[in-house]
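Please read the structure below before turning to the comments.
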Amino acid sequence: CLSLVDFDHPAAHRFMKWDTQQTEWIKPHLSKFTGEQKNLVDYFYSLFESKVLPVFPRLRKSVNYNDANDYNVLVSDDLADPVVPGVIDFGDVVFTQTINELGIALAYAVMHKPDPIEAACHVVRGFNNKFKLTEEEISVLFPLMAARLIISVTCSELNRIDHPENTYLQISDKPAWTLLEKLSHVPPAFAEYAFRNACGL
């Protein structure tokens, strides 16, 4: 975020389905889900509409990398003192709310973790140490993390319909559903105050 804060480019101002600013595109597709999956996407979409959309216009914006996940981050093979020399896959770069970068990173960082909020707090603390978050940005972080996940499962569902033979397109599907189920038991206010605490507030 620090390296991109003063960068802009006309091509970054576009529709990008993976941009959590544009989560509303999934709304017509929520009817494709059934049962508990439908309950989960409906709940988190409602949380996005009620908690995030009213705040979005006031939040800082920048060109974001927009795809920090464990398939795109390069890590050295030094197990004692690993470093991240870079990232790959710049296809999702977009001009959006800066906080979306962290929300996306959290969605992937806390998958497979027994306590996703505890795991998220470590990432939030590290991010805030380098790039100070505002209180309003922290207030939308939990629903933004979930928004990325419901975009992911919606894309997986659409891909399953259009390309049932391509299993790579569903690579994050099961972990995303498992994480959404875990997060549905977390009161949003608890997550917000855990993140505030991680930022020293």
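Not measured: the values here are computed from a predicted model.
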Donor-acceptor pair between Asn100 and Asn64 side chains, under 3.5 angstrom | no
For Ile161 and Lys32, run side-chain contact (heavy atoms from CB on, under 4.5 Å): C-alpha distance rounded to whole Å, both residues' side-chain angles, the deciding distance at 0.1 Å, then the answer.
-> CA-CA 10 Å; Ile161 294 167; Lys32 293 179 170 63; 4.1 Å; yes
Check whether any side-chain heavy atom of [X] lies under 4.5 Å from a side-chain heavy atom of [Y], and answer yes or no.
X      : Y      : value
Val186 : Phe142 : yes
Glu137 : Leu59  : yes
Glu136 : Ile99  : no
Val41  : Trp177 : yes
Thr98  : Phe131 : yes
Val110 : Met145 : yes

[X] (side chain) donor-acceptor with [Y] (main chain) under 3.5 angstrom:
X      : Y      : result
Asp173 : Ser156 : no
Thr154 : Ile150 : yes
Asn72  : Val87  : no

Would Leu30 and Tyr45 count as a side-chain contact (heavy atoms from CB on, under 4.5 Å) if you check the C-alpha gap in whole Å, the side-chain angles of each, and the deciding distance to 0.1 Å?
-> CA-CA 9 Å; Leu30 299 182; Tyr45 186 82; 3.9 Å; yes
How many angstroms lie between [atom1] in [X] and [atom2] in [Y], if you round to the nearest 0.5 Å?
X      : Y     : atom1 : atom2 : result
Asp67  : Asp19 : CG    : CG    : 11.5 Å
Ile104 : Asn66 : CD1   : CG    : 3.5 Å
Lys17  : Thr23 : NZ    : OG1   : 13.0 Å

Please indicate whether [X] has more than 12 foreign heavy atoms, meaning atoms of other residues, nucleotides or ligands, lying under 6.0 Å from its [atom1].
X     : atom1 : answer
Lys27 : NZ    : no
Asp78 : CG    : yes
Lys51 : NZ    : no
Leu79 : CG    : no

Of all heavy-atom pairs between [X] and [Y], which one has the smallest distance, and what is that distance?
X      : Y      : result
Pro85  : Ser76  : CD-N, 4.2 Å
Leu180 : Leu40  : O-CD2, 3.8 Å
Arg148 : Tyr108 : NE-OH, 3.2 Å
Phe33  : Val153 : CZ-O, 3.8 Å
Leu4   : Val63  : CD1-O, 3.2 Å
Tyr65  : Glu101 : N-OE2, 2.8 Å

From CA spacing to verdict: side-chain contact (heavy atoms from CB on, under 4.5 Å), Val94, Arg14 | CA-CA 7 Å; Val94 68; Arg14 61 183 176 141; 4.3 Å; yes
Hey, quick one: are Phe15 and Leu53 part of the same hydrophobic cluster, counting side-chain heavy atoms closer than 4.5 Å, chains of contacts allowed?
-> yes
Side-chain donor-acceptor pairs of residues 111-127 under 3.5 Å, sequence neighbours excluded:
| residue | atom | partner | partner atom | Å |
| --- | --- | --- | --- | --- |
| Lys113 | NZ | Ala109 | O | 3.1 |
| Asp115 | OD1 | Ile117 | N | 3.3 |
| Asp115 | OD1 | Glu118 | N | 3.1 |

Carboxylate-amine/guanidinium contact Lys61 Asp8, below 4.0 Å = no
Sequence neighbours excluded and cut-off under 3.5 Å, please list the side-chain donor-acceptor pairs for residues 190-201, or say none.
| residue | atom | partner | partner atom | Å |
| --- | --- | --- | --- | --- |
| Arg196 | NH1 | Glu135 | OE1 | 2.7 |
| Arg196 | NH2 | Glu135 | OE1 | 3.4 |

Please work out whether the ring planes of Phe95 and His13 are parallel, tilted or perpendicular, with thresholds of 30° and 60°.
-> parallel
